[in-house]
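What follows is one structure encoded as structure tokens, with my remarks underneath.
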Amino acid sequence: MADEKKTTEEGQVVQNNRHVLRAMLLGGGDEPVRDESNLLDPFVGLYGSEGNVLQPPYDPYQMSVLPEKSDVLTQILDALCVNIEGQGHSLVPWDDDDDDLGSVEAQAEKQIAKDFLASIASDGIEDLREQGRTDLELTGNWYDELLRETATTRAKRARSLEKRIAKVSDENQYALLSENARHLREEGDKRRPWRMNHAPSHEMRICRLKDEEREPQEHVEWVRRDGEWAEVKVRKVFKKFVQQREGYGSRKKKYFREFGDPRGLDCDTGIYYADDSKVPKGKVATEIIHTRFKNGRSPYGISKLTGVLLNMGTARKALEVNYLLFENKSVPPMIVTVSGGNLTADSFAAIKSRFSAVKGLRNFHSALILEAIPFERAKDAGGLLDAPGTASTVKIDVKPLISQQQKDALFLNLLKYMQQVIRSARRVPPVLVGLSDDETYASAFVSVAMFEDQVCSPERKRFDNVVNTKLFPAIGVKRWKFQSNGSRVDNLQDVAKIIDSAVGAGVGTANEWAQVVGRVLGTSFKPHEDLDDKPWALVEKELAANAAGAQTFASREFDLSGKSTEQIADQIIETLLEANAKAEALSKRQEKEQSDVAE
């Protein structure tokens with residue numbers, strides 16, 4: 001009964017932690033417990049030449065659970081998501097020299113883009129991007145479902161816009177909203193993109209197309225040429241996708257078409273129609289935007305972690321050995337030797353039971369009590385006889401084996417090396433995953449700067465291109481582009497020196513340098529209209545001329561000896577007020593002189 005109870009308890013541990021511990025030795029045997037998570041592919045039976053689903057090179061489900069089996073992969077994914085997708089975004093003009101950027105039409109277009117991005121995802125665009133980035137890094141595929149406006153959603157948007165127009169009092173805001181209303185009327189029945197939902201990559205597959213479904217379809221793409229947007233008609237073979245979820249009460253399949261496919265598709269049967277109007281009501285399939293790490297042998301993407309899968313498996317086995325040390329240690333803490341006597345039957349049974357049950361934390365420090373009886377020697381022969389005689393001296397020796405036991409975790413150097421190899425697959429610096437014991441500020445700064453330049457900045461363009469080439473043209477936004485913000489890795493002292501040198505050489509306007517400073521500080525400054533075309537060096541000269549005759553804070557010598565902090569602050573404020581008053585007086589005098597000249 002005791003053995004059965006023990007086996008049941010250990011089996012329950014495995015059941016509760018099967019993603020954490022893949023194997024546990026039961027009852028001292030050698031057979032590992034089978035991990036049933038290897039059997040959770042819901043598309044089994046749909047692959048092969050007879051099925052209608054293409055099999056991915058690597059099992060997406062097994063790739064998606066890798067963070068549960070690695071001691072460093074979760075930190076790596078967090079670093080990638082935060083630095084690539086979690087820095088926010090900005091709307092910037094395609095052409096900074098466009099003279100119409102300040103027009104009502106351009107500003108209304110910008111407002112349309114802002115409203116679209118604010119409502120594109122139920123949990124926010126940042127959460128949508130981080131989910132997609134996690135899937136892309138693990139499985140090599142990022143799927144977003146795109147929903148288009150229906151007549152109902154368009155009517156709701158029109159009513160909401162009318163209410164905003166009725167309440168607004170500012171003339172500029174009224175003009176912007178009115179322009180948006182005009183855009184809405186011009187759209188007519190056009191189904192513009194409205195909402196995006198993340199589709200987990202381990203649930204998605206690409207369908208095998210039939211011969212008639214492989215016919216290239218003509219559709220319109222927007223391309224930018226010589227600073228202008230142009231519609232280009234191209235022919236393309238579109239993919240078809242299918243989603244199937246396991247564990248939601250059913251295994252019903254749902255079909256999707258690729259973004260831009262002009263044909264209609266039944267979401268339940270996967271049958272194509274000429275257009276959406278021919279699809280049975282309520283069965284029109286939505287669209288999928290598929291982003292992937294491209295490769296030449298599959299329409300699926302392949303994760304950049306595949307090259308270190310064996311390293312992750314090796315590290316996992318090493319961690320399991322360390323975990324199981326306390327449960328399955330094989331070296332006893334001591335050896336008991338008996339000379340000149342014989343152990344009692346109870347003591348012998350106790351030793352045998354103790355060392356057979358040496359495993360487990362409960363027995364790690366348990367004590368063992370022994371009893372022994374002496375041998376009796378025959379007076380005439382010195383042999384061992386049952387006859388009573390002179391009792392020998394019993395000696396029980398206990399020889400410790402602590403020095404032979406494992407004192408610390410095994411494979412520490414191996415685990416450290418494996419962490420480095422896994423990090424190198426995505427070139428993540430150690431400081432970003434919490435491994436910074438031997439890092440200096442200089443080395444950490446350089447490694448993070450290279451990570452930003454070589455990995456994060458190029459990867460951000462994936463989502464930026466989706467928005468700028470697919471979504472914005474579809475909603476009529478063509479003057480503005482979506483730009484993901486980068487991580488702030490600039491050295492403030494270096495930036496200050498560069499600005500000082502450039503300003504001294506007459507390079508850059510005040511508004512341009514304000515944008516540089518704002519990017520470094522993670523904020524933005526409102527451009528000053530009067531400073532658009534003036535180099536900062538010229539602005540400094542004008543300020544100096546306007547303040548001529550005023551004793552400025554920079555040139556005044558202060559006697560700070562013996563003064564408290566409050567007194568010093570009062571003196572500085574008094575000087576600034578005085579300089580400001582003289583500058584205002586000088587400005588008024590110059591305005592009066594200009595007025596007299598004009599008269």
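Numbers here are sequence positions counted from 1. The structure displayed is predicted, hence computed values, not measured ones. Excluded from the calculations below are hydrogen atoms, water molecules and symmetry mates; all remaining heavy atoms, backbone and side chain alike, are included.
- Put simply, the side chain of Pro56 reaches to within 4.5 Å of the side chain of Tyr47, judged on heavy atoms.
- Across Tyr255 and Asp266, no two heavy atoms sit closer than the pair CB-O, 4.0 Å.
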I'd like to know whether Asp144 forms a side-chain contact (heavy atoms from CB on, under 4.5 Å) with Trp142, so could you lay out the CA-CA distance, the side-chain angles of the two residues, the decisive distance to 0.1 Å, and finally the verdict.
CA-CA 7 Å; Asp144 282 324; Trp142 175 348; 2.9 Å; yes
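- Taking both residues in full, the closest heavy atoms of Ala425 and Leu305 are given as CB-CD2, 4.1 Å, listed atom of the first, atom of the second, then distance.
- Here side-chain hydrogen bond (donor to acceptor under 3.5 Å, both in side chains) pairs that include residues 301-310, with residues two or more places apart or in two chains, number zero.
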Between Thr139 and His202, is a side-chain contact (heavy atoms from CB on, under 4.5 Å) present by the stated rule, with each step listed?
CA-CA 8 Å; Thr139 68; His202 67 274; 5.6 Å; no
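- The line from NE2 of His89 to NZ of Lys481 is 14.5 Å long, rounded to the nearest 0.5 Å.
- Nearest heavy atom pair, residue Asp453 against residue Pro458, reads O-CD, 3.6 Å.
- By the salt bridge (charged side-chain N to carboxylate O under 4.0 Å, His left out) test, Lys156 pairs with no residue at all, sequence neighbours left out.
- The shortest side-chain heavy-atom distance between Thr286 and Cys267 does not fall under the 4.5 Å cut-off.
- Nearest heavy-atom pair, Arg205 versus Val53, reported as atom, atom and distance to 0.1 Å: CB-CG1, 3.4 Å.
- For the pair Val467/Ile120, no side-chain contact is recorded, criterion being any heavy-atom separation below 4.5 Å from C-beta on.
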Verify side-chain contact (heavy atoms from CB on, under 4.5 Å) between Val477 and Phe116, making sure each step is shown before the conclusion.
CA-CA 10 Å; Val477 176; Phe116 172 73; over 6 Å; no
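- Between Ala318 and Leu415 the shortest heavy-atom distance is CB-CD2, 3.9 Å.
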Derivation of the side-chain contact (heavy atoms from CB on, under 4.5 Å) call for Leu209 and Val237:
CA-CA 10 Å; Leu209 297 178; Val237 177; 4.2 Å; yes
Side-chain donor-acceptor contacts of residues 72-83 below 3.5 Å, not counting sequence neighbours, with atom names and distances?
unit_1 : atom_1 : unit_2 : atom_2 : d
Gln75  : NE2    : Asp71  : O      : 3.1
Asn83  : OD1    : Ser487 : OG     : 3.2
Asn83  : ND2    : Ala79  : O      : 2.7

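- For Ser119, the side chain to side chain contact (heavy atoms under 4.5 Å, CB included) test picks out no residue, with sequence neighbours left out.
- Taking CD of Gln244 as the reference point, atom NZ of Lys254 lies at 13.5 Å (rounded to 0.5 Å).
- Side chain of Ser298 to main chain of Tyr300: a donor-acceptor pair is present (N/O by atom type, distance under 3.5 Å, no hydrogens or angles).
- The shortest distance between side-chain heavy atoms of Gln483 and Leu91 does not fall below 4.5 Å.
- A distance of 8.0 Å separates CE in Met196 from CD1 in Ile125, rounded to the nearest 0.5 Å.
- Here the side chain of Thr469 pairs a donor or acceptor atom with the backbone of Asn465 at under 3.5 angstrom.
- Annotation: salt bridge (charged side-chain N to carboxylate O under 4.0 Å, His left out) contacts of Asp276 (sequence neighbours excluded): Arg191, Arg257.
- Once rounded to the nearest 0.5 Å, the distance linking CZ of Arg208 with CD1 of Ile206 reads 11.5 Å.
- Two residues are said to be in side-chain contact when any heavy atoms from C-beta on lie closer than 4.5 Å; Phe445 and Val431 fail this criterion.
- Taken from NZ in Lys294 to CD1 in Ile302, the straight-line distance is 14.0 Å, to the nearest 0.5 Å.
- Listed by chain and number, the residues in a side chain to side chain contact (heavy atoms under 4.5 Å, CB included) with Gln217 are Glu215, Phe238, Asp261, Pro262, Arg263 (sequence neighbours excluded).
- Listed by first and then second residue, the salt bridge (charged side-chain N to carboxylate O under 4.0 Å, His left out) pairs that reach into residues 128-140 are Glu85-Arg129, Glu85-Arg133, Arg133-Glu137, Arg133-Glu459, Glu137-Arg426, sequence neighbours excluded.
- A donor-acceptor pair under 3.5 Å is formed between the side chain of Arg462 and the backbone N or O of Arg292.
- Listed by chain and number, the residues in a ring pair (Phe, Tyr, Trp, His ring centres under 6.0 Å) with His290 are Tyr143, Phe241 (sequence neighbours excluded).
- Using a 4.5 Å heavy-atom cutoff, the side chains of Gln243 and Ile288 are not in contact.
- Checked against salt bridge (charged side-chain N to carboxylate O under 4.0 Å, His left out), Arg235 has no partners two or more places apart in sequence or in another chain.
- Counting only distance, with no hydrogens or angles, the side chain of Asn468 and the backbone of Phe482 share a donor-acceptor pair below 3.5 Å.
- By the neighbour-count criterion of 12 heavy atoms within 6.0 Å, atom NZ of Lys461 is sparsely surrounded, having that number or fewer from other residues, nucleotides or ligands.
- Every residue meeting the ring pair (Phe, Tyr, Trp, His ring centres under 6.0 Å) condition with Trp94, not counting sequence neighbours, appears here in chain and number order: Trp229.
- Checked by atom type and distance alone, the side chain of Arg192 never pairs as donor or acceptor with a backbone atom of Ile475 at under 3.5 Å.
- Panel note: side chain Thr314, backbone Leu310; a donor-acceptor pair is recorded below 3.5 Å.
- Partners of Tyr417 by side-chain hydrogen bond (donor to acceptor under 3.5 Å, both in side chains), not counting sequence neighbours: none found.
- Under the 3.5 Å distance criterion, the side-chain polar atoms of Asn141 are left unmatched by any main-chain donor or acceptor of Ser201.
- In terms of heavy-atom proximity, Leu54 sits nearest to Pro299 at CD1-CG, 3.8 Å.
- Looking at Glu258 and Lys236, a side-chain N of the basic residue comes within less than 4.0 Å of a carboxylate O on the acidic one, giving a salt bridge.
- For the atom pair CD1 of Ile271 and NZ of Lys240, the computed distance is 8.5 Å after rounding to the nearest 0.5 Å.
- Side-chain atoms of Pro67 and Leu138, non-hydrogen and from C-beta on, do get closer than 4.5 Å to each other.
- Within the 3.5 Å criterion, the main-chain N or O of Val65 finds no donor-acceptor partner in the side chain of Glu68.
- The pair Arg460-Glu452 counts as a salt bridge, with a side-chain nitrogen and a carboxylate oxygen less than 4.0 angstrom apart.
- Inter-residue side-chain proximity for Pro430 and Gln420 is flagged as unmet; no heavy-atom pair is nearer than 4.5 Å.
- Residues satisfying the side-chain hydrogen bond (donor to acceptor under 3.5 Å, both in side chains) criterion with Tyr58, sequence neighbours excluded, are absent altogether.
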